[in-house]
Every structure is written in C-alpha cells, then in structure tokens.
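Every chain is numbered from 1 and lettered A, B, ... according to where its sequence line falls, protein lines coming before strand lines. Predicted model only: the values in this text are computed from it and were never measured.
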Amino acid sequence: LPLPADDTDTWLLAEKYLRRFYGLPVGLQGSRKAAGDFQKTIKQMQRFFKLKVTGSLNEETVEVMKQARCGVPDVGE
Amino acid sequence: YTHFPRKLKWNTNKLTFRILDYTPDLQKSDVDKAIRKALNLWAAVTPLTFKKLHTGTADIMISFGSGEHGDYNPFDGPNNLLAHAYPPGQGIGGDVHFDEDENWTKDSTAYNLFIVAAHELGHALGMGHSTDAGALMYPTYSYRTGFLLSEDDVKGIQELYGPNPNPTGVTPSPDSPKQCDPMLSIDAVTGLRGETMVFKDRFYWRLHPQMPEPDQILIKSTWPSLRNKVDAAYENPEKDQVIIFSGIRMWALNGYDIVEGYPKYIHKLGLPKKIRKLDAAVHISDTGKTLLFTDEEYWSYDEATGRMDSGYPRSIEKDFPGIGDKIDAAVYQYGFLYFFRDNLRYEYSYTHKKVWRVLPTNSILNC
C-alpha cells in the first residue's frame, strides 16, 4: 500500500536533507543497500545534532530537519 | 568546530571583499553595516584585515539571489536554506550568497542579516560547521545578542590563522555546558506542562518524560526578548503559567508564549526594592505558596491573594536544615522539594523537614 501523504512528505524531506547535507548517495528507493545507506546517514546526522541515535526518522529528527539553516553541508566535501 | 577537508585557508591575512548587490529588505547602509560588523567579529580574534572593493574581483564576493542563482546550488524559497558560502580559494572560493527570498532584518523580527553573514563569513574564511549548539558555526539559525563568537569558534579560526596580535579585549561566549559534567551547577529549573526545563548560562535543557535524552537549546532561540541568563523560574499549574526571573525583571509564559504585559518588575510581587535578583523560586502546589529565595533568606508568596505572607523573610538554613544557607535553584516534584547548590541536588521532604537524599546536580539530566 502507498504510504499516507504525510509520511511520504516527511520521507522526501529527510532524503533531500540527508543528500544535501550528509552526502546520502542517490540510489534506488526500496533496495537493501539504499535502506542501509539511509539508516547510516540518519545516524550520522543524529550524532552531529546530539539527538538520540536511532537510525530512524523520529519526530525529534524531523523537527531539526525543518529548522532554518545554512546551506553548507555538515560533513564531507 | 570543524574545518573544510584539507583545511582550506587564505594564504594572505589581507583580504578583500565586495558587495555585488543589495537586498531590498534593508537600506544599503544597513547591509554595509551588517557585513562590516560581521567581518570585524572575525578580525577581532585573528590577524585578518578586510578591505572593501567597489569594482573588480575581491576574495570574498557577496551577493543576494533567489532559486538557481548561478552556481548550480539553488536556494529553496522562503525559510529552510538561508544562505551558503564557499571555502577559501580562487574564483567562487570565499564567495557568500544570501537567499533573496528570505526577509532580511536588522533585528529579531525575521532573519537577522548580521548573524547569518557572520556565520557565512566563517565559512568563507575556512570554518566548517560546529556541533556545539552555542557556537556561531552551528548550522541552524538562532537569534542572539552580545559577542557572537563562542570559545569554540575562536579556537577554530585561530587554528587556521593564529590569534590577533593586538587583542581587542572581547570575551567569547563560553562553550555550551556539558550535560554530564560532574561539576555541573544550574541557574534555574521549572516544570512546563509535564516537561522540565533546566536553565544554565545561555542555554536550557528540555526534558520530556518520554524522551531519554534532554535537548539543549539557546534561550534566545526560543525567546529572543528574554535575557541570556535566567536566575530563577517556577511553574504555577493552576494558572498554567511559568514565571521566569532575570535580574529585577520577570516574564510570564503560557506554554512557550510570553504573556502580554510582561516583563514586570519583581518588586510587584511585594519584594523590597533592595532585592535586585532572586536565586531560586519554587511553587508548592499542595499549599498554593511560592517560595522566593534570595541570598540567605526566602519569602513566601500567596498565589491566591497575590500577596507576600507576613513573617518573611526567614532564614533558609533554619527552615530547611541540611541544605546550607544559599541555593542556586529549586523545584517541587513527586512530593519532594529539590534544592540545587553547586554540583549537588538535595532531595528534601517538606513534610518530614529533612534531607532525604543527596544526588549530583547532573542527575536531573539523566546522568
């Protein structure tokens, strides 16, 4: 079944955020590798912002992703 | 703090900058002032100097643009992305771009250009993002006043360029307090609709019963009009209000919103004029009284009548044996009064009039 609209929006926001600021590689959605990359990158972001490191897209993490910020990536090139 | 990969930095201390265009949100002179002030921040702690160019190519080219603005690194309309900058280098290196779709201001009503410029210019000089929420180089926007650079920012920039040989006497803000520091002391603590707020320096920790880790947030980023330091705070659940004290002023919060008509003078509560600040405040919901602590004495305020009780001030040491003569903060939870003094937290039984347990102060932050 498709995800409810709200969840899809949050997921897209997170993907965009992690690509832009944490170098999440572009990959096929749903593949095992992509899911692993996503979890690893979200953990990296949670560590950076001193959030609870869960690897999942919880409310606290989404809240930080929605904050106004600088466009320079937090890690990498 | 961090730097860019390969620790990119300028090879000269004499840098040039040029403002290519201006935002219509502010007067030209205000933009000039904001940029100059932002550059001066970094110049105060390093040997760098900045000369303004009106034509030609400068090391740091500053511009405002919307959406795709020429560097294949588009902005995103209002909010979220505010600006970006490039690390030191030739061409686009060192350049600073602001999102024209933001509303730029010189105060706290929208995005303050000076604060964002100071952050971006940090990148233009070689600074990466900091994980310290109190640092200017922290990636998310927060409004603040005073000297913007924290010790973390200063250490970072001086690792690249060294210190200013002619120190200007400015004091960087201290790094953010560490939650589990065994020597941690706190300024104030209060409940807020089931959460607990612990104030320390420019920050507060927000503890939610369902969140294992407290959040550390700058006071100014939640309440820009509040002072940078809170002396005391208490919650009156009956009125659904939190009162925050700083110096001779107090603010009332309803949820996270400041109640209209505040700040008010603390003397409105009936305290004598000679009292210039409180150390701690706590509301005892069982009695409807609020205790206000200052130096070695405390006062009792009756919330129902809105008056100070007679017979006060009284001695802290005599009425609360075992906690000493002075406290930093207090809170009433689970039928106990918790007093904080330096790095210790005293669990005091109000009914038995004795200290039940002594814990470290950081235990309130789940350490």
| message | Heavy-atom count check: over 12 atoms from other residues, nucleotides or ligands less than 6.0 Å from Glu68(B) CD? | response | yes

| note | Ordered numerically, the heavy-atom neighbours of chain A under 4.5 Å found in residues 100-122 of chain B are Tyr111(B), His119(B), Glu120(B)

| note | The interface call for Asn73(B) against chain A, heavy-atom contacts under 4.5 Å, is side chain

| field | Portion of Tyr138(B) that has a non-hydrogen atom of chain A nearer than 4.5 angstrom | value | side chain

| For the residue pair Leu81(B) and Gly71(A), what are the closest heavy atoms and their distance? | CD2-CA, 3.5 Å

| message | If I measure from the heavy atoms of chain A, does Ser130(B) come under 4.5 Å with its side chain, its backbone, both, or neither? | response | backbone

| query | Looking at side-chain heavy atoms only, is the closest gap between Lys50(A) and Thr131(B) below 4.5 Å? | reply | yes

| task | Not counting sequence neighbours, which residues clear salt bridge (Lys or Arg N to Asp or Glu O under 4.0 Å) with Lys37(B)? List them please. | result | none

| field | residues 55-63 of chain A: residues contacting chain B (heavy atom under 4.5 Å, by number) | value | Glu60(A), Glu63(A)

| note | Separation between CG (Asn80(B)) and CG (Leu13(A)), nearest 0.5 Å, reads 7.5 Å

| query | For Lys178(B), does the NZ atom sit with more than 12 other heavy atoms under 6.0 Å from it, leaving out its own atoms? | reply | yes

| message | Return the CG to CZ distance between Asp76(B) and Arg20(A), rounded to the nearest 0.5 Å. | response | 6.5 Å

| task | Write out, in numerical order, the residues from residues 41-49 of chain A with a heavy atom short of 4.5 Å from a heavy atom in chain B. | result | Phe48(A), Phe49(A)

| task | Could you pull out the closest heavy-atom pair between Val72(A) and His129(B), with the gap in Å? | result | O-CE1, 2.8 Å

| field | Region of Asp215(B) in contact with chain A, defined by heavy-atom distances below 4.5 Å | value | side chain

| request: Would you mind reporting whether Cys70(A) and His123(B) have side-chain heavy atoms less than 4.5 Å apart? | output: yes

